[in-house]
Peer 1: 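This is the structure I have questions about; it appears just below.
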Amino acid sequence: MAQIQKLGLEVAEVKCSATKFYGFYKNNITQLVKCFPEIYKSVQVTEGDGASVGSARFWKYELINHYTSFGFKLVSVTCSVKWYVEFEKANEDVPSQTSYITLLDKITQGLPSQLL
């Protein structure tokens, strides 16, 4: 049986205040498709208003064949940003996904300043 694995990333440089950065991910997450169309195909709010506790979002990726569970967590935003990627491999042949750490670094540092 596969185990849930966790990879972490801390990005020390962000282009805005912690409040603005967190506010983007809380209130404007669907804008990621416009910012990074090569990465995101769609981000939709499927439950709630998208910002309140209990809201759910659907992110379009092709991960189902490789993972039984997969998730990103924005852990903290202060003068740096901390992310975790948690996943459970569908089988042992699936490599660890350090590429998602690179992706999180890219979207953390690459958000256009006009959106923040």
Side-chain angles (χ1 to χ4, degrees):
M1 181 201 260
Q3 294 182 339
I4 294 178
Q5 298 179 33
K6 185 187 287 189
L7 299 173
L9 168 72
E10 183 169 356
V11 179
E13 255 182 74
V14 289
K15 296 178 182 178
C16 62
S17 70
T19 302
K20 285 185 178 184
F21 187 87
Y22 178 75
F24 175 82
Y25 279 91
K26 180 179 179 189
N27 302 311
N28 299 312
I29 195 72
T30 58
Q31 296 296 311
L32 282 176
V33 177
K34 292 179 182 177
C35 298
F36 303 102
E38 72 282 7
I39 298 171
Y40 298 101
K41 303 305 173 208
S42 68
V43 178
Q44 302 169 345
V45 176
T46 57
E47 290 181 33
D49 62 7
S52 302
V53 173
S55 293
R57 298 177 186 111
F58 177 73
W59 302 55
K60 189 165 185 180
Y61 281 104
E62 299 295 336
L63 298 174
I64 196 79
N65 296 328
H66 301 292
Y67 303 96
T68 55
S69 67
F70 192 93
F72 293 109
K73 291 186 180 183
L74 179 57
V75 179
S76 69
V77 181
T78 54
C79 54
S80 64
V81 174
K82 290 183 185 178
W83 291 96
Y84 285 118
V85 177
E86 291 184 355
F87 56 93
E88 185 176 357
K89 297 178 185 180
N91 60 59
E92 289 304 314
D93 296 333
V94 176
S96 292
Q97 287 303 317
T98 55
S99 60
Y100 286 100
I101 295 296
T102 304
L103 173 113
L104 288 172
D105 186 50
K106 179 178 179 175
I107 66 170
T108 300
Q109 295 185 43
L111 284 174
S113 58
Q114 71 268 19
L115 292 177
L116 300 169

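Nothing fancy with the numbering, it's 1 onward along the sequence. What you see below is based on every heavy atom in this structure, not just the backbone, and it leaves out hydrogens, waters and symmetry mates. Being a predicted model, the structure only gives us computed values, none of them experimental.
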Peer 1: For K41, I'd like to know if atom NZ has over 12 heavy atoms of other residues, nucleotides or ligands within 6.0 Å.
Peer 2: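 For K41, atom NZ is crowded (more than 12 foreign heavy atoms under 6.0 Å).
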Peer 1: Is the backbone of Q31 close enough, under 3.5 Å, to the side chain of N28 for a donor and an acceptor to pair up by distance?
Peer 2: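 Absent.
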Peer 1: Hey, does the side chain of S55 reach the backbone of G48 with a donor-acceptor pair shorter than 3.5 angstrom?
Peer 2: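 Pair absent, no side-chain N/O of S55 close to backbone of G48.
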Peer 1: With heavy-atom distances below 4.5 Å as the criterion, would you say the side chains of Y25 and L32 are in contact?
Peer 2: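 Of all side-chain heavy-atom pairs linking L32 with Y25, at least one is under 4.5 Å.
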Peer 1: Which pair of heavy atoms, one from F36 and one from L111, lies closest together, and at what distance?
Peer 2: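 Looks like CE1-CD2, 3.7 Å.
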Peer 1: Looking only at heavy atoms, what is the nearest atom pair of A51 and N27, with distance?
Peer 2: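 Heavy atoms only, the tightest pair is CB-OD1, 3.4 Å.
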Peer 1: What pair of heavy atoms forms the shortest contact from I101 to L9, and how long is it?
Peer 2: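 Reported closest heavy-atom pair: O-CD2, 3.6 Å.
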Peer 1: Please give me the minimum heavy-atom distance between I4 and E88, naming the atom from each residue.
Peer 2: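 Nearest heavy atoms, I4 then E88: CG1-OE1, 3.9 Å.
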Peer 1: Contact between L7 and Y84 at the side-chain level, heavy atoms closer than 4.5 Å - yes or no?
Peer 2: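 Heavy-atom side-chain distance check fails, nothing below 4.5 Å.
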Peer 1: Enter the distance from F24:CZ to I107:CD1 here, rounded to the nearest 0.5 Å.
Peer 2: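 Those atoms lie 8.5 Å apart.
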Peer 1: Does V45 share a hydrophobic cluster with L74, counting links as ILVMFWY side-chain heavy atoms below 4.5 Å and allowing steps through other members?
Peer 2: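 As far as the 4.5 Å side-chain criterion goes, L74 and V45 are not connected within one cluster.
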Peer 1: Which value, rounded to the nearest 0.5 Å, describes the distance between S42 atom OG and F58 atom CZ?
Peer 2: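 Separation between the atoms: 6.0 Å.
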Peer 1: Roughly how far apart are R57 CZ and Q44 CD, rounded to 0.5 Å?
Peer 2: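 Between atom CZ of R57 and atom CD of Q44 there are 12.5 Å.
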Peer 1: About how many Å separate NZ of K73 and CG of L104, when rounded to the nearest 0.5 Å?
Peer 2: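 If I round to the nearest 0.5 Å, the distance is 13.5 Å.
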Peer 1: About how many Å separate OH of Y22 and SG of C16, when rounded to the nearest 0.5 Å?
Peer 2: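 So the SG of C16 and the OH of Y22 are separated by 14.0 Å.
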Peer 1: Quick one: closest heavy-atom pair of S80 and E10, and the distance?
Peer 2: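 Looking at all heavy atoms of both residues, the shortest contact is OG-OE2, 2.8 Å.
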Peer 1: Can you see which heavy atom on V43 is nearest to which on I29, and at what distance?
Peer 2: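 Nearest pair, atom of V43 first, then I29: CG1-CG2, 4.0 Å.
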